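Right, one structure below, let's go through it.
Quick caveat: nothing in here was measured; it's all calculated off a predicted structure. For this chain, numbers begin at 1 and follow the sequence in order.
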Amino acid sequence: MPPAASRASMMLLAPGLTAIELPADLTGRFVADLTRLLPAEGTLGLAVSGGPDSLALLLLAHAAVPGRIAAATVDHGLRAAAADEAALVAALCAQLGVPHVTLSVTVAEGNVQAEARAARYAALAEWMSANELSALATAHHADDQAETLLLRLNRGSGVAGLAGVRERGLVPQTRLPLVRPLLGWRRSELGQVVAELGITAANDPSNADDRFDRARIRKVLAEADWLDVPALSASAAHLADADAALEWAAAREWQEAVTRVPMGLVYRPQAPRAIALRILTRIVTELDGDTPRGSAVARLFDSLVARQPASIGNLVARPLPEGWSFSKAPARRG
């Protein structure tokens, strides 16, 4: 059996592919999207998994800003095929003259998706800093936004849960710039970019596994032509703006209505319920150390509004004449 890199080359690369020539309208569209998000100088880092979306990002960026990109593939060690997929990306990058590195990470126990995401971004941030990259670009697109919105609507999420990702942000837990230039693109458009160059992308079988809610929603969106995916994606962006506005208001409410006392905190609510819930979440997180579930915070709010004492985690909340007090519950005697 040939080595992994050779197998990847056979899987991925079109014969004779040494340069990328994309239609001018696609390249121009991507340049416009990227220019809006990035400074004119510096090297852009690309997160490229080997799937069609991230390969399209690589190909579009290579055509739009040749010589100004570098790519990284994160191997989470969770699937046997991941190493071959990383080699697949490395082979294409070598053919295109794009610097590439594979970052191997260890995923902590717990929620696998959340821990994998944390490990991935931590590795990418370290790579960015070591190579003085100007920003990190990921391949999130309109279908991703729409799927997430529908998933969370189906779970009764609030504004924070429904808020979509933004075109410009920060790599989690850092101050490093993160951009998503493909949020206005459809999955089908990106797949076509890759297919028309004769490239076969890696395929993650979980994307079509009906055991996962996202896979089922993806199939519905693909079959229901009456659903306007760009409009759903735009709604997710509007909700992100609303979430930012609520966060701004909650920061002011905290400054004006929360007081530290010897035993904990006192909150004298002035704002509407949506903002008060965020204040309660912050209070519990600060005093107890763990971020509470939204449903538990809502029950706490309802009890306090009804002038009833309540507990959450290791905290006791009590109504006062002028507000609500929060303190650690007394230690239980053995």
Steps toward salt bridge (charged side-chain N to carboxylate O under 4.0 Å, His left out) verdict (Arg216, Asp213): CA-CA 5 Å; Arg216 294 198 297 273; Asp213 291 344; 2.4 Å; yes
For residues 304-317, please give each side-chain donor-acceptor pair under 3.5 Å, one per line with the distance, not counting sequence neighbours.
residue: Arg307; atom: NH1; partner: Leu320; partner atom: O; Å: 3.4
residue: Arg307; atom: NH2; partner: Leu320; partner atom: O; Å: 2.5
residue: Asn314; atom: ND2; partner: Asp288; partner atom: OD1; Å: 3.2

Test log, rule side chain to side chain contact (heavy atoms under 4.5 Å, CB included), inputs Leu57 and His62: CA-CA 8 Å; Leu57 173 65; His62 179 267; over 6 Å; no
Salt bridge Arg252-Glu256, side-chain N to carboxylate O under 4.0 Å: yes
Any residue meeting side chain to side chain contact (heavy atoms under 4.5 Å, CB included) with Glu126, in chain and number order, not counting sequence neighbours: none
Chi angles and distances behind the side chain to side chain contact (heavy atoms under 4.5 Å, CB included) call for Leu246, Val159: CA-CA 9 Å; Leu246 288 172; Val159 173; 4.1 Å; yes
Beyond-backbone contact of Asp33 with Trp185, side-chain heavy atoms, under 4.5 angstrom: yes
Residue pairs fulfilling salt bridge (charged side-chain N to carboxylate O under 4.0 Å, His left out) with at least one residue in residues 189-198, sequence neighbours excluded: Arg29-Glu189
Contact check, side chains of Val193 and Leu26, non-hydrogen atoms, under 4.5 Å: yes
Donor-acceptor under 3.5 Å (Arg152 side chain, Gly161 main chain): yes
Separation of Arg293 CZ from Thr281 OG1 (nearest 0.5 Å): 12.0 Å
Thr73 side chain near Leu88 side chain, heavy-atom distance below 4.5 Å: no
Joint cluster assignment, Leu124 & Val107, ILVMFWY side-chain distance < 4.5 Å: no
ILVMFWY cluster, Val165 and Val74 together (side-chain gap under 4.5 Å): no
Path from Leu287 to Leu280 over hydrophobic side-chain contacts below 4.5 Å: yes
Note, Tyr267 side chain near Glu253 side chain (heavy atom, < 4.5 Å): yes
Distance, nearest 0.5 Å, that separates CG of Leu60 from CG of Leu182: 6.5 Å
Pairing residues for Ser129 by the side chain to side chain contact (heavy atoms under 4.5 Å, CB included) criterion, not counting sequence neighbours: Leu176
Nearest-0.5 Å distance, CD1 of residue Ile69 to CG of residue Leu58: 5.5 Å
Closest non-hydrogen atom pair, Ala63 against Pro66: O-CD, 3.8 Å
Expected output: side-chain Arg318 to main-chain Phe326 donor-acceptor under 3.5 Å: no
Note, Val98 side chain near Leu92 side chain (heavy atom, < 4.5 Å): no
Value rounded to 0.5 Å, distance of CG in Asp143 from CG in Asp53: 8.5 Å
With Pro172 via side chain to side chain contact (heavy atoms under 4.5 Å, CB included) - residues at least two apart: Arg117, Tyr121
Which atom of Val171 lies closest to which atom of Pro177, heavy atoms considered: CG2-O, 4.0 Å
Arg282 NZ/CZ over Trp254 ring centroid, <6.0 Å and within 45° of normal: yes
Same cluster (ILVMFWY, side-chain, under 4.5 Å), Leu221 and Leu190: no
Contacts of Ala250 that satisfy side chain to side chain contact (heavy atoms under 4.5 Å, CB included) - sequence neighbours left out: Ile275, Arg278, Ile279
Do any side-chain atoms of residues 259-266 form donor-acceptor pairs under 3.5 angstrom with protein atoms, and if so which ones, sequence neighbours left out?
residue: Thr259; atom: OG1; partner: Arg268; partner atom: NH1; Å: 3.2
residue: Arg260; atom: NH1; partner: Glu286; partner atom: OE2; Å: 2.7
residue: Arg260; atom: NH2; partner: Glu286; partner atom: OE2; Å: 2.2

Ser49 side chain to Ser54 side chain, donor-acceptor N/O pair below 3.5 angstrom: yes
Donor-acceptor contact present, side-chain Asp144 to main-chain His141, <3.5 Å: yes
Those residues that, when tested against Arg214, pass side chain to side chain donor-acceptor pair (under 3.5 Å) (two or more places apart): Glu147, Thr148
Side chain to side chain, Phe30 and Leu22, heavy atoms closer than 4.5 Å: no
Inter- and intrachain pairs under side chain to side chain donor-acceptor pair (under 3.5 Å), touching residues 158-184, at least two apart: Arg36-Glu167
Summary of ring-ring contact (aromatic ring centres under 6.0 Å, His included) pairs that have at least one residue in residues 213-248, sequence neighbours excluded: none
Distance, nearest 0.5 Å, that separates CZ of Arg155 from CG of Leu150: 11.5 Å
Check: Ser233 side chain, Val229 main-chain N or O, donor-acceptor pair, under 3.5 Å: no
Where Gly51 and Ala201 come nearest, the two heavy atoms and their spacing: C-CB, 3.9 Å
Residues that Gln145 engages under side chain to side chain donor-acceptor pair (under 3.5 Å), provided they are two or more places apart: none
Over all atoms of both residues, closest heavy-atom pair of Arg186 and Ala142: CD-CB, 4.3 Å
Side-chain H-bond candidate by donor/acceptor type, Arg120 with His76, under 3.5 Å: yes
Exercise: identify the closest heavy-atom pair between Ala72 and Leu103: CB-CD1, 4.0 Å
Gap separating the CG atom of Leu300 from the OG atom of Ser295, nearest 0.5 angstrom: 11.5 Å
Let me check something: any side-chain donor-acceptor pairs from residues 130-140 under 3.5 Å, sequence neighbours excluded? List them with distances.
residue: Asn131; atom: ND2; partner: Trp127; partner atom: O; Å: 2.9
residue: Ser134; atom: OG; partner: Thr43; partner atom: O; Å: 3.0
residue: Thr138; atom: OG1; partner: His140; partner atom: ND1; Å: 2.8

Side chains of Leu59 and Val194 in contact at under 4.5 Å (non-hydrogen atoms): yes
pair Val297-Pro292: side-chain heavy atoms closer than 4.5 Å: yes
More than 12 heavy atoms from other groups under 6.0 Å of CD on Gln113: no
Joint cluster assignment, Val65 & Leu178, ILVMFWY side-chain distance < 4.5 Å: no
Flag, side chain of Ser157 to backbone of Leu153, donor-acceptor distance under 3.5 Å: no
Worked verdict on Asp243 versus Leu162 for side chain to side chain contact (heavy atoms under 4.5 Å, CB included): CA-CA 9 Å; Asp243 183 52; Leu162 298 175; over 6 Å; no
